[in-house]
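Hydrogens, waters and symmetry mates are skipped; everything else that's a heavy atom, side chains included, is used.
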Amino acid sequence: MYFSRSGSTELLAGMIEEKTSADILEVVVKNPYPGVYQKTLERANLERENNNYPELNMQLPDLSQYDTIFLGYQIWAMHLSHPMNSFLTTFGQLLSGKRIAPFMSEGGYGQGDSVQQIQEILREQGASQNTFTQALVVDGNKVDRSKLQVAQWIAKINK
């Protein structure tokens, strides 16, 4: 499962799908973010200030057949992107007992506290017995050159 505004995280999700044959599901918001970065930034700042995250426009399939959930998102202002926050708030209880493999694109400042935010949201939604792999963190401008990094991450988490 992934959310991608500009395509970088979608590209990472595709690489993971190719290496693992995992099913893939895009997290879709009802009101898409603008293609212009500055307008997205303005909207994201307003959402954060008002603690008002986007409404989703998607259905979640039955997850009982999956042990591991690859969870892809961007880092926005050193935090979990708002659409992924909405996804976890809406569907987090359905991730109980799952192994979460977080992967993300970021703008040069690292993963921030995003994994801790995921853990906290899942607990708040009643999910339990989750385990987490090491996160894959890729600079958004280098995703197209990260096939080896993705392959190494998958090999490491599958040990």
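Here the side chain of Ser114 pairs no donor or acceptor atom with the backbone of Leu80 at under 3.5 angstrom. In terms of modelled atom types and a separation under 3.5 Å, the side chain of Ser81 and the main chain of Ile75 share no donor-acceptor contact. For Ser4 (side chain) and Glu10 (main-chain N/O), a donor-acceptor pair under 3.5 Å exists by modelled atom type. Between the side chain of Asn31 and the backbone N or O of Pro54 there is no donor-acceptor pair closer than 3.5 Å. The closest donor-acceptor contact from the side chain of Gln93 to the backbone of Leu122 lies at 3.5 Å or more, if one exists at all. Within the 3.5 Å criterion, the main-chain N or O of Tyr66 finds a donor-acceptor partner in the side chain of Lys98.
Contacts of Arg123 classified as salt bridge (charged side-chain N to carboxylate O under 4.0 Å, His left out), with partners at least two apart in sequence or in another chain: none. Partners of Asn158 according to the side-chain hydrogen bond (donor to acceptor under 3.5 Å, both in side chains) rule, which considers only residues two or more places apart in sequence or in another chain, do not exist here. Partners of Tyr53 according to the ring pair (Phe, Tyr, Trp, His ring centres under 6.0 Å) rule, which considers only residues two or more places apart in sequence or in another chain, are His82. Evaluation of the side-chain hydrogen bond (donor to acceptor under 3.5 Å, both in side chains) rule for Asp113 yields His79 as partners, not counting sequence neighbours. Remark: Thr90 engages Leu56 in a side-chain contact (heavy atoms from CB on, under 4.5 Å) (not counting sequence neighbours). Listed by chain and number, the residues in a side-chain hydrogen bond (donor to acceptor under 3.5 Å, both in side chains) with Asn141 amount to none (sequence neighbours excluded). By the side-chain hydrogen bond (donor to acceptor under 3.5 Å, both in side chains) test, Ser64 is found to be paired with Asp62, residues two or more places apart in sequence or in another chain being considered. In this structure Phe87 satisfies the ring pair (Phe, Tyr, Trp, His ring centres under 6.0 Å) test together with Phe91, sequence neighbours excluded.
Within the model, atoms CZ of Arg5 and CD of Gln74 stand 8.0 Å from one another, a figure rounded to the nearest 0.5 Å. In this structure, CZ in Phe3 is found 8.5 Å from CE in Met84, a value given to the nearest 0.5 Å. With values rounded to the nearest 0.5 angstrom, Phe132 atom CZ is found 11.5 Å from Arg99 atom CZ. A distance of 6.5 Å separates CG in Leu60 from CG in Leu25, rounded to the nearest 0.5 Å. Between atom CD of residue Gln65 and atom CG of residue Asp67 there is a gap of 10.0 Å, rounded to the nearest 0.5 Å. The line from CD of Glu47 to CD of Glu42 is 12.0 Å long, rounded to the nearest 0.5 Å.
Minimum interatomic distance between Ser96 and Gly126 (heavy atoms only, all atoms of both residues): OG-O, 3.7 Å. The two residues Ala135 and Val115 make their nearest non-hydrogen contact at CB-CG2, 4.1 Å. The two residues Gly140 and Ser105 make their nearest non-hydrogen contact at CA-CB, 4.1 Å. Of all heavy-atom pairs spanning Gly92 and Ala127, the tightest one is O-CB, 3.4 Å.
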- Val29/Asn57 under side-chain contact (heavy atoms from CB on, under 4.5 Å): CA gap, chis, key distance, verdict: CA-CA 5 Å; Val29 295; Asn57 185 25; over 6 Å; no
- side-chain hydrogen bond (donor to acceptor under 3.5 Å, both in side chains) between Asn85 and Thr89: does it pass, once the steps are laid out? CA-CA 6 Å; Asn85 191 311; Thr89 301; 3.3 Å; yes
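In the hydrophobic clustering (ILVMFWY side chains linked at under 4.5 Å, chained through shared members), Tyr37 is joined by Leu41. In the hydrophobic clustering, where aliphatic and aromatic side chains (Ile, Leu, Val, Met, Phe, Trp, Tyr) are joined below 4.5 Å either directly or transitively, Trp153 groups with Tyr2, Leu11, Leu12, Met15, Ile16, Ile24, Phe70, Phe103, Leu136, Val138, Val143, Val150, Ile154, Ile157.
Both tests hold for Arg43 against Tyr33: distance to the six-membered ring centre under 6.0 Å, angle to the ring axis within 45°.
Each salt bridge (charged side-chain N to carboxylate O under 4.0 Å, His left out) pair with one or both residues in residues 144-155, not counting sequence neighbours, would appear here, but there are none. Applying the salt bridge (charged side-chain N to carboxylate O under 4.0 Å, His left out) test to pairs two or more places apart or on separate chains, those with a residue in residues 25-41 are Lys30-Glu55.
Enclosure of atom CD in Gln59 is not indicated, since only 12 or fewer non-hydrogen atoms of other residues, nucleotides or ligands lie within 6.0 angstrom.
Between Pro102 and Thr133 the shortest side-chain heavy-atom distance falls below 4.5 Å.
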